[in-house]
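In what follows, every chain begins at residue 1, and chains take the letters A, B, ... in the order their sequences are listed.
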Amino acid sequence: MSETGHWVYSIAIGGHGFSFNLDTIFTMWFAMLVVLAFAYISTRNLSIIPGKLQAVSESLMRFFWGILDTMIANDNKKHVPLVASLFLFILIANLMGQLPLRIIHLKNGELASPTNDLNLTAAMAVIVLIYYVGMGLKKKGLKFFLHEFSFTGIIMFLVELLEMITRPLSLAIRLFANIFAGEILVTVALGVFAYLLPLPVMLFEILVAFIQATVFMMLTIAYVSSATGDEH
Amino acid sequence: MEELKTISDLAQLGGGVAIGFGAIGAGLGIGFATKGLMDAISRQPEVSGKAFGFFLLGAALSEACALYAFVIAAKLVGLM
C-alpha cells in the first residue's frame, strides 16, 4: 500500500507533456457509473406509489430541496443538478476508499477513492468557482463585480480578490487532505496491529466520507448564495 | 556527508513542527465547538439533534485546518 504513487501515464501532445493518473481516472469512472446507474434505475419506472429505489431518490431530492430552501432565498431549485451531483459523486467516491479494491494489484499505485488525488478535487473546486461566478453574472450582470469586490478601499479589494483564489483552494485541499490523511491513518493502524485496530479507523472514515460530502455541498451552496444574494 | 544530509533532516524537522502547530489550532477549534455544543444542549435540550449536525460541520471545518498543515508536512517529509 503506497501512499504516494499514482499510476502515471505520460504523453506528449503538441510538444507539451501531459500526465494522467490512470488509477484516479478508473476509480472516478467507477464512481460516475454508480451514480449514473442509480439515477437511471431509480427514475426508469416512476409511479405514484413509489417503490424502494424511488422512495430513496425522492427523499434524497427532498433533502437537497430542504437545504437549498434554508440557504438560498428564492429561485433555488435550479441549483439542484450541480449540488446533487457533487454530493452524490463525492459521497460514492469517498466511500469507495473503504472497499477492498486494493486487492487488484496495479503496476504502480492502487485503486482507492479517487478523491485522494488533488487533481480531481481541484477540478471540482474550479467547477464550483466558475458556476458561482457565472450565476452571479447571470443574476446581476456586471454589477456582480461591484457587489463582490466592494470598492471601498484598495485593501478590501485585494482581500476580496484573494478570497476568489482561496475559496477553491480551500475546497480542494480540504476534501483531498481529509481522504488522504484517512488512508494514511488506516495504513498506520494496519502497521501497528493489523487484525482489529483498522476497524474503528475505517468506521471513522465512513463518517468522514459523509461529513466531507456534506461540507463540500454546503460550502458550494453558501458561495452560490453569497454570489446571487442581494445583501452585501 | 553530514552537510549534505542536513537539509533533508531539517525538512523532516519542519514537517514535525508544521503538523504540531497545525494540530494545536484544530484542537482548540474542536474544543470550542464542543463547548458551544454542550452549552447549547444544556440550555435547550430539545435542539440537540440539530445542534449536533452543525457541530459536526464546524468540527470538520476546523479539522481541515490541521489537514492543511498535514499536507505541508507530507510535502516536507516526502510522502507526496
Around atom NZ of B:K75, are there more than 12 heavy atoms of other residues, nucleotides or ligands at under 6.0 Å? no
Within-4.5 Å side-chain heavy-atom neighbours: A:F176 and B:L67: no
Drop me the distance from A:Q212's CD to B:E63's CD, to the nearest 0.5 angstrom. 7.0 Å
So what's closer than 4.5 Å to chain B heavy atoms on A:L219: side chain, backbone, both or neither? side chain
Roughly how far apart are A:T214 OG1 and B:L56 CG, rounded to 0.5 Å? 9.0 Å
Please check if the number of heavy atoms outside A:K78 that lie under 6.0 Å from its NZ is greater than 12. yes
Please classify the contact of B:A66 with chain A as side chain, backbone, both or neither, using a heavy-atom distance under 4.5 Å. neither
Taking C-beta and beyond as the side chain, do A:M218 and B:L57 meet within less than 4.5 Å on heavy atoms? yes
Does OH in A:Y195 sit with more than 12 non-hydrogen atoms of other residues, nucleotides or ligands closer than 6.0 Å? no
Give, as side chain, backbone, both or neither, the part of A:I173 having an atom under 4.5 angstrom from any heavy atom of chain B. both
Got more than 12 heavy atoms from elsewhere within 6.0 Å of CZ, A:F210? no
Do other residues, nucleotides or ligands put more than 12 heavy atoms under 6.0 Å from the CZ atom of B:F32? no
